[in-house]
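Structure first, commentary second.
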Amino acid sequence: MSQIPYLFNELCTFLDRNYFDYLVKKYNGNRYVKHYSCWNHLLTMIWAQLTGRKSLRDIEFSLRAHRDKIYRLGIGKSMCRSTIADANATRDVAIFRGMSERMMRSVADISIVRTDLNEIFSGLALAGLYAVDSTTVHLPLSRYPWSVPQRNGGGVKIHTMLDVLRNIPVTCIVTGNEERDQTFMDDYNYIPECLYLFDKAYVKTASLYMIHRIKAFFIVRKKDNMCIDIIKSDTEANRRNTNVLDDSIVRFTSRWASQGYPEPLRLIRYYSKEKNETFSFLTNNFEIPAVMVACAYKNRWMIEAFFKWVKQHLHIETFYGCSANAVSIQIYTAVITYCMVARIADQFSLKCSNYELLRALGVSMTEKIYLSEWIKSFQAGEFSSENEKWSKSLFD
């Protein structure tokens, strides 16, 4: 007679175990390991993310509270915080980075799309809309001496490409705080006929020209000190739309910029009434209406909202270790967890936010219930705020 699995086991079916085992074998992750394997380590970190653990001691106590269940949960027999700390400090980050990339690819085709944006951009013949930016997770140099100090102290950067229509990450790269944003422009996977949104930090003309050559499009904020020559100016732009001040065809005139991008670009100056500020955009798309350029760029705020959500709810500002290895593993595990929650929301066509789903899952990990039945209960509203508060008080 088959037993009903724990909900945590049901969630782990969204992980590609075969690919993870391939990564472990490729990087010799289980070499000299007798008990606490890489798979046990991954599940422990996902458990910590889903249940909101804030420290290694917190993880240990939460697992000891379920001592009779953790073996069947797949976490293994060991639950000592020193074992978890050693794994975070010594395991190859490439294993977790590769798994996060696999998870991001697995959610790239989810059907949940922002209908408001899809309707706006449906007539523009675009295959996708993506925003590129980075966020800094600040770290005190006293505890993280390996971090290169900058003006804002120590820290690490998370360079991200976000699918704006689906609100999911496509690429996440963890680097030191000292790395410039434009350094990693060539590391993203650009797709023809898609539109990419950049801020001023990404004006790297050679990389922008590479995007243009593969027949993809970009919108980037113009820097104030850029040297350009106006080839043609649309003086009627202001009459057609009071917010569009100028719509011109320009060319770079400085030596390095012109060598990097030798072809003409489109310059659009747009006045925002909300911020009482004028914005200048450069794009290689000459067909899209000028006002739509500003509208597309306005939706770049979604990547800032994504960064805020991840920092607040996936616990990457309180780290379980002080080494660079431990910090990177925790960030990549947070990305894996986010993608897993997004996949669940898509498979069951949930209308709630990912945060609501994450919190409800976090207090139900050790329930013996099939995921489909749990989703029915969740949609029926049986997870009230009072129940959630009572459940969290066990550890928090």
Side-chain angles (χ1 to χ4, degrees), residues 8 12 15 17 20-21 23-66 70-71 73-103 136-148 154-158 172-177 310-311 313-340 362 365 395:
F8 182 73
C12 291
L15 302 172
R17 177 68 184 271
F20 186 79
D21 290 340
L23 291 173
V24 172
K25 184 177 180 180
K26 178 180 179 180
Y27 296 104
N28 294 319
N30 286 333
R31 183 174 52 181
Y32 309 127
V33 175
K34 295 182 179 179
H35 302 292
Y36 196 62
S37 68
C38 288
W39 182 250
N40 299 146
H41 183 199
L42 175 66
L43 296 191
T44 301
M45 297 297 290
I46 292 177
W47 167 276
Q49 293 290 337
L50 289 171
T51 58
R53 302 304 100 206
K54 298 180 180 179
S55 66
L56 289 174
R57 188 184 297 274
D58 197 6
I59 297 174
E60 180 185 19
F61 286 170
S62 70
L63 292 176
R64 288 188 184 278
H66 302 287
I70 61 170
Y71 181 77
L73 290 173
I75 295 176
K77 297 181 180 180
S78 178
M79 63 189 80
C80 179
R81 62 180 179 273
S82 62
T83 303
I84 304 172
D86 291 341
N88 281 337
T90 58
R91 290 269 161 83
D92 198 327
V93 178
I95 298 174
F96 295 83
R97 181 174 60 245
M99 190 62 182
S100 69
E101 293 171 352
R102 183 72 166 192
M103 290 297 294
T136 300
V137 180
H138 298 284
L139 303 173
L141 293 172
S142 58
R143 292 192 60 196
Y144 304 88
W146 47 267
S147 179
V148 178
V156 293
K157 273 188 177 181
I158 308 176
C172 284
I173 305 171
V174 181
T175 69
N177 189 31
V310 170
K311 287 180 179 180
H313 306 309
L314 289 181
H315 311 286
I316 61 170
E317 291 200 320
T318 303
F319 289 97
Y320 307 141
C322 294
S323 66
N325 209 71
V327 170
S328 298
I329 286 177
Q330 187 169 338
I331 292 175
Y332 285 125
T333 307
V335 174
I336 293 171
T337 306
Y338 182 89
C339 293
M340 186 167 64
M365 292 291 94
F395 303 122

Go through it in stages, so that I can follow the logic: the residues are R53 and H315, the test is side-chain contact (heavy atoms from CB on, under 4.5 Å), and I'd like the CA-CA distance, side-chain angles, deciding distance and then a yes or no.
CA-CA 8 Å; R53 302 304 100 206; H315 311 286; over 6 Å; no
Short question: side chain of W146, backbone of C322 - any donor-acceptor pair under 3.5 Å?
yes
Who passes side chain to side chain donor-acceptor pair (under 3.5 Å) against K311, sequence neighbours left out?
T135
Separation between CG of L314 and OG1 of T337, rounded to the nearest 0.5 Å:
6.5 Å
Is it true that a side-chain atom of Q330 and a backbone atom of T318 form a donor plus acceptor pair closer than 3.5 Å?
yes
What's the spacing between I329 CD1 and S100 OG if we round to 0.5 Å?
11.5 Å
Distance, nearest 0.5 Å, that separates CG of L50 from CE of M45
11.5 Å
Candidate pair M340 and I46, rule side-chain contact (heavy atoms from CB on, under 4.5 Å), full reasoning:
CA-CA 10 Å; M340 186 167 64; I46 292 177; 3.7 Å; yes
Who passes ring-ring contact (aromatic ring centres under 6.0 Å, His included) against Y320, sequence neighbours left out?
none
Rounded to the nearest 0.5 Å, what's the gap from CZ on R31 to SG on C38? Could you check?
11.0 Å
Return each pair, listed once, that meets salt bridge (charged side-chain N to carboxylate O under 4.0 Å, His left out) where at least one residue sits in residues 81-94; pairs must be two or more places apart or across chains.
E60-R81
Does N177 use its side chain to pair, donor to acceptor, with the backbone of V148 at less than 3.5 Å?
no
Take N325 and N88, measure what side-chain contact (heavy atoms from CB on, under 4.5 Å) needs, and give me the verdict at the end.
CA-CA 6 Å; N325 209 71; N88 281 337; 6.0 Å; no
Identify, with sequence neighbours excluded, every residue that meets side chain to side chain donor-acceptor pair (under 3.5 Å) alongside R102.
D16
Which residues share a side chain to side chain donor-acceptor pair (under 3.5 Å) with R57, sequence neighbours left out:
none
Taken in chain and number order and not counting sequence neighbours, the residues that satisfy ring-ring contact (aromatic ring centres under 6.0 Å, His included) with H313 are W309, Y355
What do the steps show when you test F8 against T51 for side-chain contact (heavy atoms from CB on, under 4.5 Å), and what is the final call?
CA-CA 11 Å; F8 182 73; T51 58; over 6 Å; no
Ignoring hydrogens and angles, tell me if any N or O in the side chain of S147 forms a donor-acceptor pair with the backbone of G155 under 3.5 Å.
yes
Classify the ring geometry of Y36 against H41: parallel below 30°, tilted from 30° to 60°, perpendicular beyond 60°.
tilted
Euclidean distance, I95 CD1 relative to L42 CG, rounded to 0.5 Å
10.0 Å
